[in-house]
Amino acid sequence: MNESRDPSLFEAPPPGEQERMVEAILFASATPMTVAELHARLPHGCDAPTALRQLASRYDGRGVRLVRSGDAWAFRTASDLSYLMTRETVETRKLSRAAIETLAIVAYHEPVTRAEIEEIRGVSVSKGTVEHLMELGWIKLGKRKMTPGRPVTFVVTRAFLDHFGLESARDLPGLKELRAAGLLESTPGPAAPADSDDAEQEDLFTPSPPEE
Amino acid sequence: MNESRDPSLFEAPPPGEQERMVEAILFASATPMTVAELHARLPHGCDAPTALRQLASRYDGRGVRLVRSGDAWAFRTASDLSYLMTRETVETRKLSRAAIETLAIVAYHEPVTRAEIEEIRGVSVSKGTVEHLMELGWIKLGKRKMTPGRPVTFVVTRAFLDHFGLESARDLPGLKELRAAGLLESTPGPAAPADSDDAEQEDLFTPSPPEE
Amino acid sequence: MSDDDFPEGPARDASTGQSVEERLAAEALIVDVDGFEGPLDLLLTLARTQKVDLRRISVLNLARQYLDFIDRARALRIELAADYLVMAAWLAFLKSRLLLPPDPEEEVSAEDLAAHLAFQLERLEAMRKAAARLMARDQLGRDVFARGQPEEQTRARKVTWTASLLDLMQAYARLRTRDDFRPFVMDRVGVFTMEEALERMRPLMGTTLEWTDILAFLPDGWQGDPARRRSATASTFAATLELAKGGRLDIRQDDTFGPIRIRARPAG
């Protein structure tokens, strides 16, 4: 980042020491930290990316691993040892089917509009589903789409990646195959019933079926 | 997942594997653990004291150490690095309802004058609210309006966009979209309606009350 | 169904156009509309009974299966949400188009429509499988764990203020919807004012020599809608009181709640 502007004055700690520092900071935090956050905590002149690389290989194969989610890093227990962790397991409210499907659609199609989610699922998105996913911190608003009406879009968050152990949204299971099969294109078909315009019309006049 | 238990049901995992297990258990545990507690969690036949010894020497000199307090074990930051652990964020408090409403109006209507904010809120805006939002660096003064009196306007800042994960204030969903996403009918957040009314009453009758 | 007879293959049952196996599978589906998340979900479930790759599905058969299902639901007097009926109407249309020889005039061929429907089903199924794979991943707090005892010290006493985007949007929504309950502003469209009633009554009074029900004086277009009718009646009555006060007419009501009648007072 700001490497040795004045080496004599701000000499960075030796690489091994930087690695220890990053190790200590990340061990102490329960949530992932970005490189920028690390740099803010480290002494001047440190090179967090290099330290992270060294640390990741040091912990490779250990009971605890250095994992990346998006642009942030955290230590997490190795998943093959989950059976030892039953006591730590947190009981979470089971996601509804609608919420799970909506989450998957946002993850695989992001940035995606509400109309597109509805086009894919064939039902209107129930109130509460999007809110629930936002409260979990798994989806958030993205940029508006440059289409008529400039609709808002949804994207997945770093917390989503962290929760599902993904380095980035590109690592979603089966993403390549789905793309190759053309199943991630949101082409409103040739005046098909669920054509987005029609879907919106329906929304106006018919009560949408209950989702859960 | 449980391949380590596979080889033979009653054979203890190899020493390296036991060390990984102890590492993961201690990492995830919210409290230090005794040897007896570790044995209760580990597969049958494991030797926790040996695993702890190996683990302690592995972490010797690292940024994190395996330390014993009484008869229990836990990971702790190396004491020479404790200065890195101080975090400046201690207390996070929710913004007052008056502040969040004022902020929302600035975000949706910027550039907006104080009179306009008051018109939308239906109550006068206390000086403290605006000052608080400016201190937080979430709103700032914009250009003066070209209307009689040339009143000052408020706009949101880059820091505001960063905090709320927005690219621009234009990405905020409109009223129709809020309704469509089910965000509109939902119960008012943490600020209960009862106390909020009180807050508004205060705004009405006292010139500029401290708001929190 | 006889108009649907269309040779599709040797394994088809001539009377229904479906294989016996498919029909049995479809019938095995309990007619439980609540179990489906909309028409597309129902279609996908029906499509699975065809036991072929979704890309090779017979949309014609699928349309029949769907319409059968809707018929049975109706026979059982199960209430269907409107979008199921919209889909039924569309599939009936698609079915008829598929059975007719292609019309070169049509911009979109029936085959294209059918192909898109198959695509939608395939995409929905793909997303469901993807969702299942996603949920099967190691999850934080279930399979993978964070540090149980975070050590970040909280020494520096600095208060940070926070709010989530959801808070912000909800605050705004709350403010804007409060407008819906702002002090009532008269809707002028549905209100017949007394001034208007007076203007209407004055010229008519000269010719009203017989006792006439005041309801006969309601203007055109104000008799149907109850709200408008009420407004016009009230204003007209108020206007007659005003005219009576000025000595222009007489009012009488023969019994309680009886018709109110007016007559021009002879001049002089």
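All of these numbers come straight from a predicted model, not from anything done at the bench. Atom set for the values below is all heavy atoms of this structure, side chains included, hydrogens, waters and symmetry mates excluded.
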Is there any ring pair (Phe, Tyr, Trp, His ring centres under 6.0 Å) pair reaching into residues 52-74 of chain A, and which pairs are they, with sequence neighbours excluded?
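Non-adjacent pairs meeting ring pair (Phe, Tyr, Trp, His ring centres under 6.0 Å): Tyr59(A)-Phe75(A).
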How far apart are the closest heavy atoms of [X] and [Y], and which atoms are they?
X: Gly182(A); Y: Phe119(C); answer: O-CE1, 3.5 Å
X: Ala146(C); Y: Ala30(A); answer: CB-O, 3.6 Å
X: Gly122(A); Y: Pro39(C); answer: O-CD, 4.2 Å

By the definition side-chain contact (heavy atoms from CB on, under 4.5 Å), identify the one residue from Leu183(A), Ile105(A), Leu178(A) that meets it with Arg123(C).
Leu183(A)
Contacting moiety of Asp41(C), where chain A heavy atoms sit under 4.5 Å:
side chain
Side-chain donor-acceptor contacts of residues 136-143 of chain A below 3.5 Å, not counting sequence neighbours, with atom names and distances?
none

Measuring heavy-atom distances to chain C, does [X] have an atom under 4.5 Å in its side chain, in its backbone, in both, or in neither?
X: Ala181(A); answer: both
X: Leu175(A); answer: neither
X: Leu26(A); answer: neither

From [atom1] ([X]) to [atom2] ([Y]), nearest 0.5 Å:
X: Ser82(A); Y: Gln139(C); atom1: OG; atom2: CD; answer: 11.5 Å
X: Asp138(C); Y: Asp80(A); atom1: CG; atom2: CG; answer: 9.0 Å
X: Ser69(A); Y: Leu140(C); atom1: OG; atom2: CG; answer: 9.0 Å

Would you call [X] and [Y] a side-chain contact if the rule is heavy atoms closer than 4.5 Å?
X: Glu131(A); Y: Met169(C); value: no
X: Leu40(C); Y: Val123(A); value: no
X: Arg137(C); Y: Pro173(A); value: yes
X: Arg76(A); Y: Phe145(C); value: no

Set out, in order, the CA-CA distance, both residues' side-chain angles and the distance that settles side chain to side chain contact (heavy atoms under 4.5 Å, CB included) for Met85(A) and Val144(C), then state yes or no.
CA-CA 8 Å; Met85(A) 304 295 163; Val144(C) 163; over 6 Å; no
Residues Lys129(C) and Glu177(A) bridged, charged N to O under 4.0 Å:
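A salt bridge is absent here (no side-chain N lies under 4.0 Å from a carboxylate O).
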Interface residue of largest heavy-atom contact number with chain A, from Leu44(C), Leu124(C), Leu91(C), Leu134(C), under 4.5 Å:
Leu134(C)
If the condition is salt bridge (Lys or Arg N to Asp or Glu O under 4.0 Å), which residues does Glu101(A) pass it with, not counting sequence neighbours?
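Glu101(A) satisfies salt bridge (Lys or Arg N to Asp or Glu O under 4.0 Å) with Arg97(A), Arg121(A), Arg128(C) once adjacent residues are dropped.
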Report yes or no: does Arg147(C) contribute a side-chain atom to a donor-acceptor pair with the main-chain N or O of Ser29(A) at less than 3.5 Å?
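Pair absent, no side-chain N/O of Arg147(C) close to backbone of Ser29(A).
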By number, which residues in residues 159-169 of chain A have some heavy atom less than 4.5 Å away from chain C?
Phe160(A), Asp162(A), His163(A), Phe164(A), Gly165(A), Leu166(A)
